[in-house]
Amino acid sequence: MRKVTYGGAISLDGFLAGPGEALDWLRWSDDSAKLAAESFKGVDTMLMGRKTFEAGQRLGGGPVMKGVRTYVFSRTLE
């Protein structure tokens, strides 16, 4: 059986984004990059919604990682 893990950047009060879908509360650093790299070891498939996918694209390329199959759930993307 395969392992399923949820990974999300969630604030302490339980929100994924701020007002107007702002992500300005997220702080990226060398430490968080190391933590993210470690947590993605062994990941072969990602599931994400359209807004997460589009936010990743706006931030410089999108969340699709080399060697990781990615499925985007959307009613509007073609």
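The first residue of the sequence shown is numbered 1, and numbering continues consecutively from there.
Residue pairs meeting the salt bridge (charged side-chain N to carboxylate O under 4.0 Å, His left out) criterion with at least one partner in residues 25-39, sequence neighbours excluded, are Glu38-Lys41.
Going from atom CZ of Arg2 over to atom OG1 of Thr45 covers 5.0 Å, rounded to the nearest 0.5 Å.
When all heavy atoms of Phe15 and Trp25 are compared, the pair lying nearest together is O-CZ2, 3.9 Å. Leu16 and Tyr6 get closest at one heavy-atom pair: CD2-OH, 3.9 Å.
Hydrophobic clustering keeps Ile10 apart from Phe40 (ILVMFWY residues linked when any side-chain heavy atoms are closer than 4.5 Å, directly or through intermediates). When the side chains of ILVMFWY residues are joined at heavy-atom separations under 4.5 Å, either directly or via intervening members, Leu35 and Trp28 end up in two distinct hydrophobic clusters.
Exactly one of Val72, Thr52, Thr70 qualifies for a side chain to side chain contact (heavy atoms under 4.5 Å, CB included) with Met46. That residue is Thr70.
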Open item on the list: For a side chain to side chain contact (heavy atoms under 4.5 Å, CB included) check, start with the C-alpha distance between Phe73 and Leu47, then their side-chain angles and the critical distance, and finish with the verdict.
Closed with: CA-CA 7 Å; Phe73 291 85; Leu47 310 174; 3.8 Å; yes
